[in-house]
There are 2 protein chains.
Amino acid sequence: MNEGTDATAHGGARGSLQLRDQLCFALYSASRSVTARYRPLLDELNLTYPQYLVMLVLWEQDEISVRGLGAALQLESSTLSPLLKRLEAAGLVHRERRADDERSVTLTLTPSGLALRDRARAVPLAMSGAMGLTEEQDETVKELLRLINDNVSRS
Amino acid sequence: MNEGTDATAHGGARGSLQLRDQLCFALYSASRSVTARYRPLLDELNLTYPQYLVMLVLWEQDEISVRGLGAALQLESSTLSPLLKRLEAAGLVHRERRADDERSVTLTLTPSGLALRDRARAVPLAMSGAMGLTEEQDETVKELLRLINDNVSRS
DNA sequence: CCCAAATGAATCGTGCACAACTTAGTTGCG
DNA sequence: CGCAACTAAGTTGTGCACGATTCATTTGGG
């Protein structure tokens, strides 16, 4: 009814200002919903969602620099430094300046951090169930999200 | 090579702890990239990304309660209250207690807030270009994101 | 060798998100 | 009517995100 006021209101929603047409909102909204759904699972592990992502990286590749972690997660040191301090305070991660380059800090898992991996194994499957996508939909959306990420990050 | 340690390492990635297999990370990561890409566009309008979303709602439906806005954006009053104060301070939004229910606050656009709509028209199209999806991919990913959102929010 | 540029991490300030709580106002039931 | 349950906003505390800046260290060119 109010489409007359929109420049491109003829089905193609690319230039619309309507919230429901915006891919960005679908993305923002789904991301927050998913994070919220993770929360109770991660509470069991005493991790926040970004902390969980950091642990995923470390479980995959122990001994990594803050810089390398930032590259993997696309996060700045200004985000990671305080987060890593909290993980260190929780006894999951050890931080140490590199002997051969004092600018760099090497992250390693403590025994406790390594052990947490076993308790975390149930998390991805539980979440996959909550999302309720078929294997094919799951792959499709992951591919499209990575495409968006690549296109938008480029330049 | 380290797939032997994963419970379900045979192609199906549903239960993997590897970062690149996680839909949640693709989602989180794409969402942040897209928001970052919006930033310079929205700086022109002196809006943050969540503020822009609030303005989208108000441009679509002027006169809405904080509660209604929260329902539209799936955000709590604890997030919206300070954000709306900033929009009011910027002279874009007017807040007023309802006469017939003093608990409720009605939001309306100021002339300046209404005028901003014209300057915002270019934003969605510019972003659509930056994301670089075909019309079909755009629709597909929006549908799947809404499906995820629905499934994950349910219960 | 020296010093300017570059690099890696951390710090600071602003603005979300959200849980837990508070305050004020409304409603409905005995 | 009276008051307990409920509702709408707002406040507080914690933890991201990120730009801008700082600090220590390393590197490379003259």
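Convention: sequence-line order gives letters A, B, ...; per-chain numbering from 1. Values in this document were obtained by computation on a predicted structure and should not be read as measured data.
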ask   = Atom CD of B/Q51 to atom C1' of C/dT14: distance rounded to whole Å?
value = 11 Å

task = In whole angstrom, give the distance that lies between atom CG of B/D43 and atom C1' of D/dC18.
result = 12 Å

inquiry  = As a test of reading the structure: which of D/dA17, D/dG15, C/dC16 is closest to the side chain of A/T48, going by heavy atoms?
reply    = D/dG15

inquiry  = If I take atom CG in residue B/L80 and atom P in nucleotide C/dA19, what distance separates them, rounded to the nearest angstrom?
reply    = 14 Å

Selection from D/dG10, C/dC18, C/dG15 that lies nearest to any side-chain heavy atom of B/R97 = D/dG10

request  = Kindly determine whether B/Q74 and A/S33 satisfy side-chain contact (heavy atoms from CB on, under 4.5 Å), including the steps that lead there.
outcome  = CA-CA 9 Å; B/Q74 299 179 228; A/S33 297; 3.7 Å; yes

query = Taking atom types as they are modelled, is there a donor-acceptor pair under 3.5 Å from the base of C/dG25 to the side chain of B/S104?
reply = no

ask   = What nucleic acid atoms does B/S65 come within less than 4.0 Å of, heavy atoms only: base, sugar-phosphate, or nothing?
value = sugar-phosphate

query = Would you say A/R95's side chain and A/T106's backbone share a donor-acceptor pair under 3.5 angstrom?
reply = no

ask   = Atom CZ of A/R67 and atom P of C/dT7: how far apart are they, to the nearest Å?
value = 8 Å

Atom pair distance, as rounded to whole Å: CG in A/D101 and P in D/dT27 = 6 Å

message = At less than 4.0 Å, is any side-chain N or O atom of A/Y28 found next to OP1 or OP2 of C/dA17? Yes or no.
response = yes

query = Does D/dC16 have OP1 or OP2 sitting under 4.0 Å from an N or O in the side chain of A/R86?
reply = yes

task = Mind telling me whether A/Y28 and B/Y49 have parallel, tilted or perpendicular rings, with 30° and 60° as the class edges?
result = perpendicular

B/P50, nearest nucleotide to its side chain (from C/dC16, D/dA17, D/dT25) = C/dC16

key: Any B/R95 side-chain N or O less than 4.0 Å from OP1/OP2 of D/dG10   = yes

ask   = Using the ring of each side chain (for Trp, its six-membered ring), is B/W59 parallel, tilted or perpendicular to B/Y52, with breaks at 30° and 60°?
value = perpendicular

inquiry  = Is it the case that C/dT7 (base atoms only) and A/R103 (side chain only) share a donor and an acceptor within less than 3.5 Å, ignoring hydrogens and angles?
reply    = yes

inquiry  = Distance check needed: D/dA9 P versus B/E88 CD, whole Å only.
reply    = 14 Å

request  = Classify the side chain of B/S77 versus the base of D/dG10 as yes if they form a donor-acceptor pair under 3.5 Å and no if they do not.
outcome  = yes

ask   = Which of these nucleotides, C/dT11, D/dA17, C/dG15, is closest to any side-chain atom of B/R32?
value = D/dA17

request  = Using the closest heavy atom to pick a nucleotide of DNA chain D for each, name whichever of A/E102 or A/S78 lands nearer the 5' end.
outcome  = A/S78

message = Both A/A99 and B/A36 contact DNA chain D. Which one's nearest nucleotide lies toward the 5' end?
response = B/A36

task = Could you say whether A/G68 or B/T79 is positioned toward the 5' end of DNA chain C, judged by the nucleotide with the nearest heavy atom to each?
result = A/G68

message = Check this one for me: any side-chain N or O of A/K85 less than 4.0 Å away from OP1 or OP2 of D/dT14?
response = no

request  = Nearest whole angstrom, please: distance from the C1' of D/dT14 to the CZ of A/R39.
outcome  = 12 Å

task = For the side chain of A/S81, starting at C-beta, report the closest nucleotide among D/dT11, C/dC16, C/dT11.
result = C/dT11

inquiry  = Is the phosphate of C/dA17 approached by B/Q74 (side-chain N or O, under 4.0 Å from OP1 or OP2)?
reply    = no

task = Send over the distance from B/Y38 OH to C/dC16 P, rounded to a whole Å.
result = 16 Å

inquiry  = Does any part of the side chain of A/L53, heavy atoms only, come nearer than 4.5 Å to the side chain of A/V57, both counted from C-beta?
reply    = no

ask   = Going through the checks in order, is the salt bridge (Lys or Arg N to Asp or Glu O under 4.0 Å) test met by A/E139 and A/K142?
value = CA-CA 5 Å; A/E139 281 306 319; A/K142 264 192 288 190; 3.6 Å; yes

inquiry  = Please pick, from C/dC16, C/dA17, D/dA9, the nucleotide with the shortest atom-to-atom distance to any side-chain atom of B/L83.
reply    = C/dC16

